[in-house]
**Q** 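My questions all concern the structure below.
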Amino acid sequence: MENTNPLAQRRFKLEELKRRGYDPYPHKFDYTHTPSDIRRTYDAATAEELKEQNVLVRTCGRIMALRPHGKAGFMDLFDGEQRVQVYARQDKLGDQGFDLFQLLDLGDIVGAEGTLFRTRTNELTILATQLFHLSKNLLPLPEKWHGLSDVETRFRQRYVDLIVNKEARDVFVKRSRIVQEIRGFLDARGYIEVETPVLQAVAGGALARPFRTHHNALDMDLYLRIALELYLKRLIVGGLPRVYELSRIFRNEGISSQHNPEFTMLEFYQAYSDYRDLMDLTRTMLTKVAEAVTGSLEVTYQEHVLDFRQWQRYTMKEAILHFWPENISRPSEEDLRSLEKLRALLQGFKVSFAQADGRGKLLAALFEAVAEPKLIQPAFIYDYPTEVSPLSKTKPGDPDTVERFELYIAGMEIANAYSELNDPVEQCARFEEQLGARNRGDEEAHEMDEDYIRALSYGMPPTAGEGIGIDRLTMVLTNSRSIRDVILFPLLRPEPETSDIRPPTSDSGLA
RNA sequence: GGGCCGUUAGCUCAGUCGGUAGAGCAUCUGCCUUUUAAGCAGAGGGUCGCUGGUUCGAGUCCAGCACGGCUCACCA
């Protein structure tokens, strides 16, 4: 056996297993303990106790370390969470069993049966009486010290990332916990979880560009949803007073460390409430989630410590004035109502805008330029321009402003909520305004949704609704700099063709 | 889409002034029955992302392309 190519070696060893009568891919394995079970149960047991109890275990996992010593050897079996050491000795396994041990590679999945003891160095170990081949590792795992650090491989081959990088695994376990906590929180408050269409003839509920697709049998173009909103409010009309959906939405826009074309949104709607109720609810919910997931209300995010005990509240205009840079002369509240002044202020920040943009859109742009990056600690920004909020209810006595808030944490927009506009006549007029913007070239302006107007016409109770970006919330609570670190399989371009992915079909390629 | 950076052995990385490819881990051979980054001795392993160009000579310089990262624009 002179071929030292690790890939060829592994294929050869697989053939060798078959030749010796082992099933290369057995169907199941009955075990008494996972490696984690063993560690949990016996980590505290002393050598003497183990000897007295004579504990017989049958476990399985992936080989993460292999230390042969002539006619004996050690290996670490890993179940994804914990490792347990197995000691293989020729005089315990017999010649056939020990031959199997010598055929094993790092990364193979095996079973082991034996009794627990402690080595001289006091490590909890299974003294194996039997080994079982369960699956072959044909592609070697990344190196044991440095692990896998190539970002591209981590995203494309997340399975490898999960095997070797505990931090990656921890993020997704926490993500699951976040979702679980949110569901529990809403379920406990009388919400029901629903599922609404992903394929929609009109992609509404947000200002964004959709993906287009096609249904063959109906010969009909459809869009992938850009929000959950409009169908959930139809359900409020239908007499389901508290509904939520936690699911994927799709926006055909750029990719960045904060944007993936498909992402997970929670939206929930609560009848007979307004946006102030949701500010309180949001604070209660996220405080609970943060504590459950991180174990603390002080959460480290990059160079910051986020304090979930202190939530700031500013109107959009207050935030602009409050966070105004000291070296630029501060505008008056009056200036923020003037189209010309707003344009001038934005130019001062080198923010571009369209001539057609009204005061509301410019005000929102100014807020994003001045205040958004500084909103590190949890902060509610409320009272948004009507112009950028076609589905929100206006404030009493102020048709230019709506009852809407967004939650910012770590400089990112995490949540968006408002008192829902439930007047069908006004909603229709708002859609008409959006169509105007659309005709002026705004591809993200909202489309007319006739059925939604019809639904509102049956009467929707006063309602407050909110969307929370689950990916970004997960970033905050797992200290992740990029959204790709919290999405298992982020969108990447197809990888160029490579060899070595597919195992050869016949000969093991040792020529 | 723009700008900047990266791509060398299965993995993590060096590679000087342009002179013909290196280390550790992994793999293979031999020794080794309580090791744990096991050890000792030896060996094999490269389309230097791809395509061109400059040059006597390119991993190295230049151009284009591919993929990725950061960033700006757009957005949540």
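Chain identifiers are assigned alphabetically (A, B, ...) following the order of the sequence lines, protein sequences preceding nucleic acid strands; residue numbering begins at 1 within each chain.
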**Q** Can we say A/Asp357 and A/Arg343 salt-bridge, meaning some charged N sits less than 4.0 Å from an Asp/Glu carboxylate O?
**A** no

**Q** Please classify the nucleic acid contact of A/Asn260 as base, sugar-phosphate, or nothing, using heavy-atom distances under 4.0 Å.
**A** base

**Q** For nucleotides B/G68 and B/C25, find the distance between their P atoms and express it as a whole number of Å.
**A** 33 Å

**Q** Measure the distance from CD1 on A/Ile255 to P on B/C74 and round it to the nearest whole Å.
**A** 17 Å

**Q** Indicate, yes or no, whether a donor-acceptor pair under 3.5 Å links the base of B/U35 to the side chain of A/Thr119.
**A** yes

**Q** Between A/Lys13 and B/C28, does any side-chain N or O lie under 4.0 Å from OP1 or OP2?
**A** yes

**Q** Is there a side-chain polar atom (N or O) of A/Arg484 under 4.0 Å from OP1 or OP2 of B/C70?
**A** yes

**Q** Find the distance A/Ile409:CD1 to B/A76:P and express it as a whole number of Å.
**A** 17 Å

**Q** Measure from the side chain of A/Asp150, starting at C-beta and using heavy atoms only, and say which of B/U12, B/U35, B/A26 lies closest.
**A** B/U12

**Q** OP1 or OP2 of B/A76 less than 4.0 angstrom from a side-chain nitrogen or oxygen of A/Gln258, does that happen here?
**A** no

**Q** Just call it for A/Thr153: base, sugar-phosphate, or nothing, with non-hydrogen atoms closer than 4.0 Å on any strand.
**A** nothing

**Q** Check the side chains of A/Thr463 and A/Glu420 for a donor-acceptor pair under 3.5 angstrom, ignoring hydrogens and angles.
**A** no

**Q** State whether A/Lys144 places a side-chain N or O below 4.0 Å from either non-bridging phosphate oxygen (OP1 or OP2) of B/C11.
**A** no

**Q** Once rounded to the nearest 0.5 Å, what's the spacing between atom CG of A/Asp471 and atom CZ of A/Arg484?
**A** 12.5 Å

**Q** Taking a pair as Watson-Crick or G-U wobble with both distances under 3.5 Å, which nucleotide is matched to B/G10?
**A** B/C25

**Q** Looking across every strand, which nucleic acid part, if any, lies under 4.0 Å from A/Gly469 by heavy atom: base, sugar-phosphate, or nothing?
**A** nothing

**Q** Which base, if any, makes a Watson-Crick or G-U wobble pair with B/C70, both distances under 3.5 Å?
**A** B/G3

**Q** Mind calculating the distance between CD (A/Glu152) and P (B/A66) to the nearest angstrom?
**A** 14 Å

**Q** Between the side-chain atoms of A/Asp91 and the base atoms of B/U33, is any donor-acceptor pair under 3.5 Å?
**A** yes

**Q** So which nucleotide from B/U34, B/G69, B/U27 ends up closest to the side chain of A/Arg10?
**A** B/U27

**Q** Please report, rounded to the nearest Å, how far the P atom of B/C25 is from the CG atom of A/Leu66.
**A** 16 Å

**Q** For A/Phe74 and B/A38, do the ring centres fall under 5.5 Å apart while the planes stay under 30° apart?
**A** no

**Q** Counting side-chain heavy atoms from CB outward, which of B/G10, B/U12, B/U35 is closest to A/Pro140?
**A** B/G10

**Q** Would you mind telling me which of B/U12, B/A76, B/U34 lies closest to the side-chain atoms of A/Arg89?
**A** B/U34

**Q** Under 4.0 Å between a side-chain N or O of A/Ser256 and OP1 or OP2 of B/U71?
**A** no

**Q** Indicate, with a heavy-atom threshold strictly under 4.0 Å, whether A/Gln85 touches base, sugar-phosphate, or nothing.
**A** base

**Q** Strictly below 4.0 Å: does A/Arg156 bring a side-chain N or O up to OP1 or OP2 of B/G68?
**A** yes

**Q** Separation of A/Glu253 atom CD from B/C72 atom C1', in whole Å?
**A** 16 Å

**Q** Answer yes when A/Arg62 and A/Asp108 have at least one side-chain N-carboxylate O distance shorter than 4.0 Å, and no when they do not.
**A** no

**Q** Considering only the P atoms, how many Å lie between B/G59 and B/C65, rounded to the nearest integer?
**A** 22 Å

**Q** Assess whether a salt bridge exists between A/Glu15 and A/Arg19, defined as any Lys/Arg side-chain N lying under 4.0 Å from an Asp/Glu carboxylate O.
**A** no

**Q** Considering every strand shown, what is the Watson-Crick or G-U wobble mate of B/C65 when both distances are under 3.5 Å?
**A** B/G49

**Q** Using the C1' atom on both, measure B/G52 against B/A9 and round to a whole Å.
**A** 26 Å

**Q** With heavy atoms under 4.0 Å as the rule, sort A/Phe155 into base, sugar-phosphate or nothing.
**A** sugar-phosphate

**Q** Using purine N1 to pyrimidine N3 plus N6-O4 or O6-N4 for Watson-Crick, or N1-O2 and O6-N3 for G-U wobble, each under 3.5 Å, what pairs with B/U55?
**A** none

**Q** Quick one: label A/Glu413 by what it contacts on the DNA or RNA (base, sugar-phosphate, nothing), any heavy atom closer than 4.0 Å.
**A** sugar-phosphate

**Q** Once you apply a heavy-atom cut-off of 4.0 Å, does A/Ile414 come out as touching a base, just sugar-phosphate, or nothing?
**A** nothing

**Q** Give, for atom CZ of A/Phe431 and atom CD of A/Glu447, the distance between the pair rounded to the nearest 0.5 Å.
**A** 10.0 Å

**Q** Which part of the nucleic acid does A/Ile249 contact within heavy-atom distance under 4.0 Å: base, sugar-phosphate only, or nothing?
**A** nothing

**Q** Between A/Arg493 and B/A66, is there a contact of a side-chain N or O with OP1 or OP2 at under 4.0 Å?
**A** no

**Q** If you measure from the P atom in B/G10 to the same atom in B/U71, how many Å do you get, rounded?
**A** 31 Å

**Q** Can you tell me, in whole Å, how much space there is between the P of B/G49 and that of B/C11?
**A** 13 Å

**Q** Just how far is it from atom CD of A/Gln377 to atom CH2 of A/Trp311, taken to the nearest 0.5 Å?
**A** 11.0 Å

**Q** Does A/Arg154 make a side-chain N or O approach to OP1 or OP2 of B/G68 shorter than 4.0 Å?
**A** no

**Q** Between atom CZ in A/Arg67 and atom C1' in B/U34, what is the gap in whole Å?
**A** 11 Å

**Q** Looking only at atom C1', what distance separates B/C67 and B/U51, rounded to whole Å?
**A** 15 Å

**Q** Looking only at atom C1', what distance separates B/G15 and B/A58, rounded to whole Å?
**A** 14 Å

**Q** Provide the distance between the two P atoms, one in B/U47 and one in B/A21, to the nearest whole Å.
**A** 13 Å

**Q** In terms of the nearest nucleotide of RNA chain B, which residue is placed more toward the 5' end: A/Gly70 or A/Leu207?
**A** A/Gly70

**Q** If I take atom CG in residue A/Leu141 and atom P in nucleotide B/U12, what distance separates them, rounded to the nearest angstrom?
**A** 12 Å

**Q** Measure from the side chain of A/His146, starting at C-beta and using heavy atoms only, and say which of B/U71, B/U12, B/A76 lies closest.
**A** B/U12

**Q** Does any nucleotide pair with B/G39 by Watson-Crick or G-U wobble geometry, both distances under 3.5 Å, and what is it?
**A** B/C31

**Q** Please report the interatomic distance CD(A/Gln302) to CE(A/Met475), rounded to the nearest 0.5 Å.
**A** 8.5 Å

**Q** Distance check, rounded to the nearest 0.5 Å: A/Ile409 atom CD1 versus A/Leu407 atom CG?
**A** 4.5 Å

**Q** Classify A/Gly147 by what it touches in the nucleic acid, base, sugar-phosphate, or nothing, heavy-atom distance under 4.0 Å.
**A** sugar-phosphate

**Q** Find which nucleotide of RNA chain B each of A/Ser482 and A/Glu372 is nearest to by heavy atoms, and output the residue with the more 5' nucleotide.
**A** A/Ser482

**Q** Applying the side chain to side chain donor-acceptor pair (under 3.5 Å) test to A/Ser247, which of A/Arg225, A/Glu193, A/Glu195, A/Glu267 qualifies?
**A** A/Arg225

**Q** CG of A/Leu148 versus C1' of B/U12: gap in Å, rounded?
**A** 10 Å

